[in-house]
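Single-structure report; data block below.
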Amino acid sequence: MASKQSPAKKPSAKQAGILATIELLKRYYPDAYCALNYTNPFELLVATILSAQCTDERVNMVTPALFKKYPTPKAMAKAPVESLEELIRSTGFYKNKAKNLKACATTLVEKHHGEVPQSLEALVELGGVGRKTANVVLGNAFNIPSGIVVDTHVTRLANRLGWVKTDNAVMIERQLSKLVPVEDWIMLPHWLISHGRAVCKARKPACSHCFLEETCPKKGV
DNA sequence: CTCCCGATAT
DNA sequence: ATATCAGGAG
């Protein structure tokens, strides 16, 4: 099974630079992983919905009790929305999220036999699930490289590194998809997010000890 | 574009 | 006080 290397053309200088940077990230964060705790696709779906504008650490504080009380779509679909609100309140946006969780679980029961669907179109139709959440579930729970997850960290780093010049998530995903080989689609966000949390932070980036400082156009910020 | 919104760091 | 956190919907 020869790994298909160059598509047809030689990569541009820009793409070659990006691919080189990705190799560095891969080497630097070999153990990058999804920071949300889950034991099945449904739990990852719920955790990712809760992770909107909230740290993964905070989500991981509320999900054990949530999953204990409502372990399946069937159980969560029948949950009083006030009960869900109470369990997830500390993650913020709790009224929207509680309503979304109940609607999402209800749809899973009614249209998907209580299982998490494995297509982007079906996932996005669930309450509170957008393209980012859908790609997280497909990539991490099912190992399907449906698309590249574009979150706040990927948006920030892709711009700082000069890979893209837009904050539009759909455009970023489209552009990155053309630059990055599909075998890296699932891990790339993990590498970028690891680096975004540890070094290339939103508020106070630690450029002085960043291993990408040489080639980063934002060097010094 | 605005709104949803609590917890934490600076 | 303000910015930010693995966003999504109207």
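In this text, all values refer to a predicted model and were calculated from it rather than measured experimentally. Proteins get letters first, then strands, A, B, ... in listed order; numbering begins at 1 in each.
One interatomic measurement links the two molecules: CG of A:L50 to C1' of B:dC5, which rounds to 13 Å at whole-angstrom precision. At whole-Å resolution of the value, NZ in A:K132 and P in C:dA9 are 12 Å apart. Nucleotide C:dG10 holds its C1' atom 11 Å from the NZ atom of A:K99, rounded to whole Å. Between A:N135 atom CG and C:dG7 atom P there is a gap of 13 Å when expressed in whole angstrom units. Here the P atom of nucleotide C:dC5 and the CD1 atom of A:I88 are 20 Å apart, to the nearest Å. Here the C1' atom of nucleotide C:dA9 and the CG atom of A:L101 are 15 Å apart, to the nearest Å. To the nearest angstrom, P of B:dG6 lies 11 Å from CD of A:E85. Distance, A:Y38 OH to C:dA6 C1': 13 Å, rounded to whole Å.
At the phosphate of C:dC5, OP1 or OP2 sits under 4.0 Å from a side-chain N or O atom of A:T152. Distances shown here put a side-chain N or O of A:T133 below 4.0 Å from the OP1 or OP2 atom of C:dG8. Residue A:R156 places at least one side-chain N or O closer than 4.0 Å to OP1 or OP2 of C:dC5.
At the heavy-atom level, A:K97 lies nowhere under 4.0 Å from the strands shown. Within 4.0 Å (heavy atoms only), A:V149 reaches at least one base atom of the nucleic acid. Contact annotation for A:T91: no contact, since no heavy-atom pair falls under 4.0 Å across all strands. In this structure, A:R89 reaches the sugar-phosphate backbone alone: every heavy-atom distance under 4.0 Å involves primed, P, OP1 or OP2 atoms, never a base.
The residue among A:L126 and A:E57 whose nearest nucleotide of DNA chain C lies closer to the 5′ end is A:E57. Residues A:M61 and A:N96 each lie close to DNA chain B; by heavy-atom proximity, the contact nearer the 5' end of the strand is made by A:N96. If you find the closest nucleotide of DNA chain C to A:N100 and to A:A202, the one lying nearer the 5' end belongs to A:A202.
If you take atom P in C:dA6 and the same atom in B:dT10, they sit 14 Å apart, rounded to whole Å.
The aromatic rings of A:F211 and A:H195 sit perpendicular, their planes meeting at an angle over 60°, well past the 30° parallel limit.
Under the 3.5 Å distance criterion, with hydrogens and angles disregarded, no donor-acceptor pair is assigned to the side chains of A:Y38 and A:T48.
Taking the six-membered ring wherever Trp is involved, the centroid distance between the rings of A:Y33 and A:H190 does not fall below 6.0 Å.
A donor-acceptor contact under 3.5 Å is not formed by the side chain of A:R58 with the base of B:dA7.
Taking the 5.5 Å centre cut-off and the 30° plane limit, the aromatic side chain of A:F93 is classed as stacked on C:dG7.
With rounding to the nearest 0.5 angstrom, the CZ atom of A:R156 is 6.0 Å from the SG atom of A:C200.
Side-chain atoms of A:S90 lie closest to B:dA7 of the nucleotides B:dA7, C:dT4, B:dC5.
Residues A:L179 and A:V154 are members of one and the same hydrophobic cluster, defined by side-chain heavy-atom contacts under 4.5 angstrom among Ile, Leu, Val, Met, Phe, Trp and Tyr.
The side-chain heavy atoms of A:L126 and A:L45, taken from C-beta on, include a pair separated by under 4.5 Å.
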